[in-house]
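Scroll down for the structure; my scribbles are underneath it.
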Amino acid sequence: MYELLKGLGSWLVGAEQWTGSDGIGHRLAEHLQYSLLATLVAAAIALPVGLLIGHTGRGAFVAINLSSFGRALPTVGLVVLVFLASGLSMWPVYIALVALAVPSIVTNTYAGMTAVDPEVRDAARGQGMRWYQVLFQVELPLALPLIMTGLRLALIQVVATATIAAYVSFGGLGRYVFDGLAQRDLVQVLGGAVLVALVAVVLDLALSALQRFLFRHRPAPQS
Amino acid sequence: MSVDWSWIADHTDDLTTLTLSHLQAALTAVLLGLLISLPLAVLAHRVRRLRGLLLGLSNVLFTIPSIAVFVLLLPVSGLTRTTTVIGLTIYTLVVLLRNTVEGLDSVPTRTKEAAKAMGTRPLRTLLTVELPLALPVIMAGVRIATVMAISLVSVTTYIGDGGLGQLFTDGFQRNFPTPVIVGVVLTLLLALVADALLVTLQYVLTPWNRRQKQGA
């Protein structure tokens, strides 16, 4: 175990590991590109869906069941399936990652919308607000904390799972995991895993800082 | 991309074996996860300081890619079922611990005080008052953990196990979609059935909830 950790230390700080097309710098950029793009696309799909379901109260049953369906989808199977169908392209990776992220965002957005006090909603309607004004000026701001939780959860899952891109011969930090696995090089596997976990934690902290900055004028939530 | 039905007909025995092995791995992990998370959750619920530590730790565990977890267990437990189960258990722990703590938190203070006033001892209060009242939230965690474990078993195909996940590597290596499609469908079916059974179990276990609550 000690040898492994020592190996990991020198692997992480070795200058030759950080440069070039299979260096950590490049792999990190790829990993971030896959993760952020997939999460953005998932948010573009899931946010409107979650907001609409929450606003209208219709389709909740379908949305929640679709979400647990999404959670049950084996990512490896999905990646391989889309890979076999589409050939060597980035589609398998993005489709699988988006499918993974959508459920968390939909369910949390919907949960945030249902947590809005019905009296507040009624008061907004009573003042003569249009449906879109109620949605964007009342419900959305109140639901934002839970929506952000959903986005953070989705991002963590996507960052951890983007590792799989390397299985179907793409880059990202998963390269180290799968190459290390093939070469029986545990140090490399461990290095890849540590980097992925670090990226996930750092992104999560960044989002949580952003959240605090956005809500700095609000009283602290009671919990 | 079409399904080769004759391949399925020729491999029903293999498919049954893989499905059962898949299910066994997932269920063992969830049960172990429950056994470990229950005492930890009670601790985290009672001791404020441990709470942040335990929940923070389990959140960090969640960010480690699952493939890496399984591979890193190799020096410890080798290419065996044990590795699969340990790795899966770690993942179920994250969900189970959080939900169990939240469930215990959701028990109204008044109820606990009433139990205390009636002279119920702490352990008995925990077993007969707090845990039953926390059950809906705990069960929500068990459902998520079970579905997650069932979908995660496939990842262990990279370390020579995998249950239905073996069909994915098989299909990938031979460029043959049928096993992959069958594997995905069977995994989804397993998850659906397991989830439905858990909903039924919760219904049976919480008779007092039937009238007030329409399932969500």
Side-chain angles (χ1 to χ4, degrees), chain A residues 1 4 60-61 64-65 67-86 100 111 114 153 155-157 159-164 166-168 173-174 176-178 180-182 184 186 188-204 223, chain B residues 1 22 59-72 74-76 105 143-144 146-159 162-165 167-192 194-195 215-216:
Chain A
M1 197 64 200
L4 202 61
F61 183 77
I64 287 167
N65 282 294
S67 297
S68 63
F69 184 80
R71 204 177 281 127
L73 259 184
T75 314
V76 185
L78 195 58
V79 169
V80 171
L81 198 58
V82 184
F83 181 83
L84 292 182
S86 69
L100 182 79
T114 50
L153 193 66
L155 188 60
I156 285 193
Q157 285 175 303
V159 168
T161 313
T163 316
I164 272 178
Y167 181 62
V168 284
L173 295 168
Y176 301 120
V177 176
F178 282 101
L181 193 57
R184 297 263 141 200
L186 273 183
Q188 203 181 345
V189 179
L190 188 64
V194 167
L195 286 173
V196 173
L198 267 181
V199 171
V201 171
V202 168
L203 284 178
D204 191 46
S223 66
Chain B
M1 193 154 76
H22 195 102
N59 278 339
V60 172
L61 278 179
F62 201 63
T63 62
I64 304 174
S66 48
I67 306 153
V69 172
F70 291 116
V71 173
L72 292 173
L74 288 183
V76 185
D105 286 350
R143 285 175 60 191
I144 297 177
T146 308
V147 170
M148 213 175 64
I150 289 178
S151 115
L152 261 183
V153 176
S154 330
V155 173
T156 59
T157 177
Y158 303 125
I159 55 158
L164 292 166
L167 298 171
F168 303 151
T169 23
D170 181 37
F172 180 61
Q173 280 156 2
R174 294 195 287 148
N175 199 6
F176 177 41
T178 302
V180 187
I181 298 171
V182 173
V184 171
V185 170
L186 283 178
T187 312
L188 286 177
L189 278 178
L190 265 187
L192 274 178
D195 198 48

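Atom set for the values below is all heavy atoms of this structure, side chains included, hydrogens, waters and symmetry mates excluded. Letters go in sequence order (proteins before strands), and every chain restarts at 1.
Across B:Asp195, B:Asn175, B:Ile150, the residue that shares the most heavy-atom pairs under 4.5 angstrom with chain A is B:Asn175.
Pairs engaging residues 147-158 of chain B under the salt bridge (charged side-chain N to carboxylate O under 4.0 Å, His left out) rule: none recorded [sequence neighbours left out].
Checked by atom type and distance alone, the side chain of B:Thr157 never pairs as donor or acceptor with a backbone atom of B:Ser154 at under 3.5 Å.
Only the side chain of A:Leu181 comes within less than 4.5 Å of a heavy atom in chain B; its backbone stays farther off. Looking at B:Tyr158, the atoms closer than 4.5 Å to chain A (heavy atoms on both sides) sit in the backbone and in the side chain alike. Heavy atoms closer than 4.5 Å to chain B are found in the side chain of A:Phe178, but not in its backbone. At a 4.5 Å heavy-atom cutoff, the contact between A:Leu190 and chain B is made by backbone and side-chain atoms alike. Contact annotation for A:Val159: neither backbone nor side-chain heavy atoms come within less than 4.5 Å of a heavy atom of chain B. With a 4.5 Å cut-off on non-hydrogen atoms, B:Thr169 touches chain A through its backbone and its side chain both.
Rounding to the nearest 0.5 Å places CZ of B:Arg143 at 14.5 Å from CE of B:Met148.
Counted within 6.0 Å of CZ on A:Phe61, heavy atoms from surrounding residues, nucleotides or ligands total 12 or fewer; the atom is thus considered open.
In this structure, B:Phe172 has its ring center under 6.0 Å from that of A:Tyr167.
In this view, B:Leu164 and B:Leu18, B:Thr19, B:His22, B:Leu167, B:Leu186, B:Thr187, B:Leu190 satisfy the side chain to side chain contact (heavy atoms under 4.5 Å, CB included) rule, not counting sequence neighbours.
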